[in-house]
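In this text the structure is predicted, and so the values were computed from the model without any measurement.
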Amino acid sequence: MRGRDTFGRTAEPDPRPTAPPSRNRERMRKGHRREYAADRARGSISFPERCDGALTDIGVHGAVSYRDLAEARFGGHPHTTRRAVNAWIRKGLVTETTATGPRGNPFKILTLTRKGRAEARLLAAERGMDPGQQVPFARIRKSEGAHDTAVYRASMKEKRRIVDRGATVRRVLLGTELKSTVARASEAARKRGGKRAADAERRRIAHELGLPVNDEGRVLYPDAQIEHTDAEGRTGRVNIEAVSGNYREPAVRAKAAAGFALHASGPAAAALLGRLGLGSDGGSWLRGPADRNPASVEL
């Protein structure tokens with residue numbers, strides 16, 4: 001003790017300056033480096049609530065990368081994500097497979113079983129999504145796994161922007177669902193009135209769905225479309241495209257001109273958007289030393 005009598009003699013004062021108070025006011029935690037961010041991001045959301053949102057995401061988008069789901073729903077925490085995924089697998093709700101990215105690196109993809117799809121439909125309704133929300137059966141081709149899972153990353157980024165504006169996401173439609181809807185309506189009209197009727201119906205249904213039609217009469221389809229409503233009940237749509245590095249420049253320019261929200265699915269796509277002056281938002285590619293490749297090994 002400074003300046004106080006100790007064992008019958010006065011202690012010498014400590015010549016060292018007093019250490020300044022720590023700037024880190026949060027308690028130390030052990031474990032993964034992302035636990036700090038995960039702890040803050042979790043807030044008051046319980047683990048079961050996070051699991052419900054994550055399972056709904058897999059159902060709505062068909063296929064989701066394990067890593068992307070960890071980032072979007074579990075604060076980047078690998079142990080919490082693994083706990084959820086293992087529980088789903090034990091219950092027969094989720095299938096976990098490994099796909100290969102463009103550079104040969106493996107990554108994990110999560111899809112739903114038939115039982116999982118039924119559960120996801122119930123969860124989507126409970127979470128206030130539109131009654132028409134589809135939970136598609138995912139057929140994943142290994143060659144397309146990187147692109148298909150990039151659609152989820154892009155959609156989550158746009159969802160955050162929508163929510164930040166005070167709106168509410170009501171439905172997510174994938175490109176396959178949009179194409180099928182337009183094709184069915186057009187074919188029904190063709191059977192009734194021939195090609196001219198089919199063309200007119202295709203334009204009509206495309207307009208109804210918020211899909212642009214080019215000068216040649218061809219409908220431009222996004223990878224996904226998000227329907228949302230604002231605080232005043234007005235409906236809006238965002239058409240999303242996960243651009244791959246092998247996209248042709250004219251196709252990218254056409255979708256940009258049509259108002260699509262473009263997101264790079266990897267470094268090659270980011271470079272493509274940069275050359276076209278369309279990559280200002282950084283895309284949906286996960287950056288960082290371990291994330292140079294969109295198919296980097298999972299957490």
**Student:** So H263 and E158, do their side chains get closer than 4.5 Å, heavy atoms only?
**Tutor:** yes

**Student:** Taking the side chain as every heavy atom from C-beta outward, state whether D199 and S186 have any atom pair closer than 4.5 Å.
**Tutor:** no

**Student:** Assess the residue pair D223 and H147 against the criterion (side-chain contact (heavy atoms from CB on, under 4.5 Å)); give the C-alpha distance rounded to whole Å, side-chain angles, the decisive distance to 0.1 Å, and a yes or no.
**Tutor:** CA-CA 10 Å; D223 286 321; H147 175 269; 3.3 Å; yes

**Student:** Looking at residues at least two apart in the chain, or sitting in another chain, which of them share a side-chain contact (heavy atoms from CB on, under 4.5 Å) with V213?
**Tutor:** R203, A206, V219

**Student:** So is R83 actually on top of F47's ring, under 6.0 Å and inside 45° of the axis?
**Tutor:** yes

**Student:** Given side-chain contact (heavy atoms from CB on, under 4.5 Å), test E241 with Y247 step by step and report yes or no.
**Tutor:** CA-CA 11 Å; E241 189 73 19; Y247 273 35; 2.8 Å; yes

**Student:** Taking R237 first and then E227, would you say they form a salt bridge - that is, a charged N and a carboxylate O separated by under 4.0 Å?
**Tutor:** yes

**Student:** Taking atom types as modelled, is there a side-chain donor on E177 or S180 under 3.5 Å from an acceptor on the other?
**Tutor:** no

**Student:** Looking only at heavy atoms, which two atoms of A264 and L273 are closest? And how far apart?
**Tutor:** N-CD1, 3.8 Å

**Student:** Are R73 and D57 packed together at the side-chain level, in the sense that at least one heavy-atom pair is separated by less than 4.5 angstrom?
**Tutor:** yes

**Student:** Just jot down the salt bridge (Lys or Arg N to Asp or Glu O under 4.0 Å) partners of E249, sequence neighbours excluded, or say none.
**Tutor:** R275

**Student:** Got a donor-acceptor contact below 3.5 angstrom from the T113 side chain to the G116 backbone?
**Tutor:** yes

**Student:** Between G145 and F107, what is the shortest heavy-atom contact and its length?
**Tutor:** C-CZ, 3.7 Å

**Student:** Looking at R170, is its backbone amide N or carbonyl O close enough to the side chain of H228 to form a donor-acceptor pair, meaning the two atoms are under 3.5 Å apart?
**Tutor:** no

**Student:** In the single-linkage hydrophobic clustering (I, L, V, M, F, W, Y; side-chain heavy atoms under 4.5 Å), do L93 and Y152 co-cluster?
**Tutor:** yes

**Student:** Is it the case that one hydrophobic cluster holds both V182 and L178, taking links as side-chain heavy atoms less than 4.5 Å apart, direct or via other members?
**Tutor:** yes

**Student:** Backbone N or O of R82 within a donor-acceptor pair of the Y66 side chain at under 3.5 Å?
**Tutor:** yes

**Student:** Would you sort out whether L276 and R253 count as a side-chain contact (heavy atoms from CB on, under 4.5 Å), showing the intermediate values?
**Tutor:** CA-CA 8 Å; L276 299 178; R253 291 185 184 278; 3.0 Å; yes

**Student:** Donor-acceptor check, side chain of N239 to backbone of G210, threshold 3.5 angstrom: yes or no?
**Tutor:** yes

**Student:** If you take all heavy atoms of A84 and F74, which pair is closest and at what distance?
**Tutor:** CB-CZ, 3.7 Å

**Student:** For the residue pair T95 and I89, establish whether any side-chain heavy-atom pair is separated by less than 4.5 Å.
**Tutor:** no

**Student:** Indicate if V60 and L123 have the same hydrophobic cluster label, given that clusters are the connected sets of ILVMFWY residues with side-chain heavy-atom separations under 4.5 angstrom.
**Tutor:** no

**Student:** Nearest 0.5 Å, what's the CD1-CZ distance between I45 and R50?
**Tutor:** 4.5 Å

**Student:** Quick one: does M129's side chain get under 4.5 Å of T56's, heavy atoms only?
**Tutor:** yes

**Student:** Do H61 and D148 pair up side chain to side chain, a donor and an acceptor below 3.5 Å, judged on atom types alone?
**Tutor:** no

**Student:** Kindly give the heavy-atom pair with the smallest separation between S265 and S244, and that separation in Å.
**Tutor:** OG-CA, 3.4 Å

**Student:** Find out whether V252 and V243 are in side-chain contact, i.e. whether some heavy atom of one side chain is under 4.5 Å from a heavy atom of the other.
**Tutor:** yes

**Student:** Nearest 0.5 Å please: distance from the CG atom of L173 over to the NZ atom of K179.
**Tutor:** 13.5 Å

**Student:** Measure the CZ-CD distance between R218 and E216 for me, rounded to the nearest 0.5 Å.
**Tutor:** 6.5 Å

**Student:** When rounded to the nearest 0.5 angstrom, what distance separates CE in M156 from CD in E71?
**Tutor:** 11.5 Å

**Student:** Using the rule given for side-chain contact (heavy atoms from CB on, under 4.5 Å), can you reason through L55 versus W88, listing the C-alpha separation, both sets of side-chain angles and the distance that settles it, and then say yes or no?
**Tutor:** CA-CA 9 Å; L55 197 65; W88 292 332; 3.9 Å; yes

**Student:** If hydrophobic clusters are built by linking Ile, Leu, Val, Met, Phe, Trp and Tyr wherever their side-chain heavy atoms come under 4.5 Å apart, do Y221 and L209 end up in the same one?
**Tutor:** yes

**Student:** So, taking the atom named CG in L174 and the one named CD in Q225, what distance separates them when rounded to the nearest 0.5 Å?
**Tutor:** 10.5 Å

**Student:** Looking only at non-hydrogen atoms, find the nearest pair between A138 and A63 and report the distance.
**Tutor:** CB-N, 4.5 Å

**Student:** Is there a donor-acceptor contact under 3.5 Å from the side chain of S65 to the main chain of R67?
**Tutor:** yes

**Student:** Given side chains that start at C-beta, do those of I226 and I240 come closer than 4.5 Å, heavy atoms only?
**Tutor:** yes

**Student:** Going only through I, L, V, M, F, W and Y residues with side-chain contacts under 4.5 Å, is there a path from L262 to L220?
**Tutor:** yes

**Student:** If you count the non-hydrogen atoms of other residues, nucleotides and ligands that lie under 6.0 Å from CZ in R204, is the total more than 12?
**Tutor:** yes

**Student:** Is there side-chain contact between I109 and T149, with at least one heavy-atom pair below 4.5 Å?
**Tutor:** yes

**Student:** Does T176 have any side-chain hydrogen bond (donor to acceptor under 3.5 Å, both in side chains) partners at least two apart in sequence or in another chain, and if so, which?
**Tutor:** none

**Student:** Where do R202 and I205 come nearest, in terms of heavy atoms and distance?
**Tutor:** O-CG2, 3.4 Å

**Student:** Between OG of S155 and CD1 of I162, what distance do you get to the nearest 0.5 Å?
**Tutor:** 9.0 Å

**Student:** Tell me if a side-chain donor or acceptor on E201 pairs with a main-chain N or O of A198 at a distance below 3.5 Å.
**Tutor:** no

**Student:** Any donor and acceptor pair, going by atom type alone, linking the side chain of D68 with main-chain N or O of R153 inside 3.5 Å?
**Tutor:** no

**Student:** Tell me whether E187 is salt-bridged to R190, with the criterion being a basic N under 4.0 Å from an acidic carboxylate O.
**Tutor:** yes

